[in-house]
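Because only heavy atoms are used, hydrogens play no part in the values below, and waters and symmetry mates are left out as well, while side chains stay in. Just follow the structure's listing: the first ligand is 1, and inside any ligand the first atom is 1.
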Amino acid sequence: MNIVLLGSPGVGKGTYAKRISKIYNIPHISTGDMFREAIKNKTEIGLKAKGYMDKGELVPDDVTIKTVEERLKKDDCKNGFMLDGFPRTIAQAEALDKIIVIDKVLNFTASDEVIIDRLSGRRVCKSCGAIFHIRNIIPKTEGVCDNCGGELYQRDDDKPESVKKRLDVYREQTEPLIEYYKEKELLADIDANKPIEQVDEIIADVRKALEE
Ligand code: ADP
Ligand code: ZN
């Protein structure tokens with residue numbers, strides 16, 4: 001199954017994606033993670049992406065589309081995949097439609113209050129990418145990843161100045177995709193307002209949407 005995840009920054013897409021990817025045994029493809037990896041490795045794409053990301057702006061479509069197109073050619077995508085953070089513009093969605101058929105689009109929704117709380121408290125493992133939260137998903141030892149012992153950090157773009165910019169960019173450039181996929185009858189809304197203790201219920205809603 002070829003799945004696209006939609007939803008505001010901070011809605012929890014990455015957390016749900018990791019779970020869904022295990023359940024359906026399909027790769028979780030996060031363009032944000034791919035760019036962060038490229039920046040860490042100082043690749044050409046990383047150098048191009050860094051300035052935009054730090055400011056909370058979108059990386060240009062041509063770079064992003066090429067990155068995803070290459071990734072989807074890999075063997076592990078043959079039986080399906082889950083795209084997290086792509087497409088983020090209408091141009092990206094149109095490019096994706098030319099590359100492959102999408103079966104379902106999950107649109108995660110939450111209130112502004114919930115979103116800002118999730119973004120401002122998020123901490124990420126430098127080594128394995130696991131996601132924590134200073135109040136809601138508290139690691140056993142402060143600043144240390146439960147999974148691998150790696151160091152937890154706050155993403156530069158989770159700082160207040162960039163958060164506001166990202167939410168504006170989302171409203172202007174990404175939200176129109178909801179209509180785009182609704183018209184294609186691919187969209188399923190998933191209520192993601194529930195606290196993290198109820199993440200199992202969110203995942204159950206996802207399974208229902210994917211299996212109907
Ligand atoms: P979030 O969804 O929490 O904003 P991501 O990790 O998905 O975080 O993305 C972080 C940043 O990476 C974005 O703010 C943007 O700069 C860049 N990025 C990720 N995906 C795309 C995309 N599809 N198009 C353009 N830029 C992207
Ligand atoms: Zn870790």
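Set against the non-hydrogen atoms of Arg122, the atoms of ligand 1 under 4.0 Å away are 3 (O). Using a 4.0 Å cut-off to heavy atoms of Pro9, the atoms of ligand 1 that qualify are 1 (P), 2 (O), 3 (O), 4 (O). Distances below 4.0 Å separate heavy atoms of Arg36 from the following atoms of ligand 1: 6 (O), 10 (C). For ligand 1, the atoms sitting less than 4.0 Å from at least one non-hydrogen atom of Gln92 are 22 (C), 23 (N), 24 (N), 25 (C), numbered in the order shown with element in parentheses.
We find that Lys48 and Glu44 are joined by a salt bridge, their nearest charged nitrogen and carboxylate oxygen being less than 4.0 Å apart. Under 4.0 Å is where a charged nitrogen must lie from a carboxylate oxygen, and between Asp54 and Lys50 at least one such pair does. A salt bridge is defined here as a Lys NZ or Arg NE, NH1 or NH2 lying under 4.0 Å from an Asp or Glu carboxylate O, and Asp33 with Lys40 fails to meet this definition.
Considering CG of Leu186 and CD1 of Ile102, their distance stands at 8.0 Å, rounded to 0.5 Å. Atoms CG and CD1, from Leu5 and Ile190 in turn, are 9.5 Å apart once rounded to the nearest 0.5 Å. To the nearest 0.5 angstrom, Arg122 atom CZ is 9.0 Å from His133 atom NE2.
Nearest protein neighbour of atom 3 (O) of ligand 1, counting heavy atoms only, is Arg166 NH2, 2.8 Å. For atom 27 (C) of ligand 1, the closest heavy atom belonging to the protein is Phe35 CE1, 3.8 Å. The shortest contact between atom 20 (N) of ligand 1 and any protein heavy atom is with Thr31 OG1, 2.7 Å. Ranking the protein heavy atoms by distance from atom 26 (N) of ligand 1 puts Val59 N, 3.0 Å first. Among protein heavy atoms, the minimum distance from atom 23 (N) of ligand 1 is reached at Gly85 O, 2.8 Å. When hydrogens are left out, the protein atom nearest atom 16 (O) of ligand 1 is Glu57 O, 2.5 Å; that is the closest non-hydrogen contact. Looking from atom 8 (O) of ligand 1 to the surrounding protein, the closest heavy atom is Arg155 NH2, 3.0 Å.
The side chain of Thr64, and not its backbone, has at least one atom closer than 4.0 Å to an atom of ligand 1 (non-hydrogen atoms only; side chain from C-beta on). Residue Met34 does not touch ligand 1, judged by heavy-atom distances below 4.0 Å. Only side-chain heavy atoms of Lys13 come within less than 4.0 Å of ligand 1; its backbone N, CA, C and O stay farther off. Neither the backbone nor the side chain of Asp84 has a heavy atom within less than 4.0 Å of ligand 1.
Under the 4.5 Å side-chain heavy-atom criterion for ILVMFWY residues, no single connected hydrophobic cluster contains both Tyr170 and Ile116. Both Ile196 and Phe108 are assigned to one and the same hydrophobic cluster, defined by single-linkage of ILVMFWY side chains at heavy-atom distances under 4.5 Å.
Other residues, nucleotides and ligands contribute over 12 non-hydrogen atoms within 6.0 Å of the NZ atom of Lys159.
For the pair Lys55 and ligand 1, no heavy-atom separation below 4.0 Å is found.
In this structure, of Lys50, Arg88, Met53, the residue bringing a heavy atom nearest to atom 5 (P) of ligand 1 is Arg88.
Rounding to the nearest 10°, we obtain 110° for the angle at the Zn ion (ligand 2) between Cys145 SG and Cys148 SG.
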Check against side chain to side chain contact (heavy atoms under 4.5 Å, CB included), Ile45 and Val59: CA-CA 10 Å; Ile45 286 174; Val59 177; over 6 Å; no
Verdict with reasoning, Asp158 to Arg166, per salt bridge (Lys or Arg N to Asp or Glu O under 4.0 Å): CA-CA 9 Å; Asp158 277 348; Arg166 279 159 65 209; 3.0 Å; yes
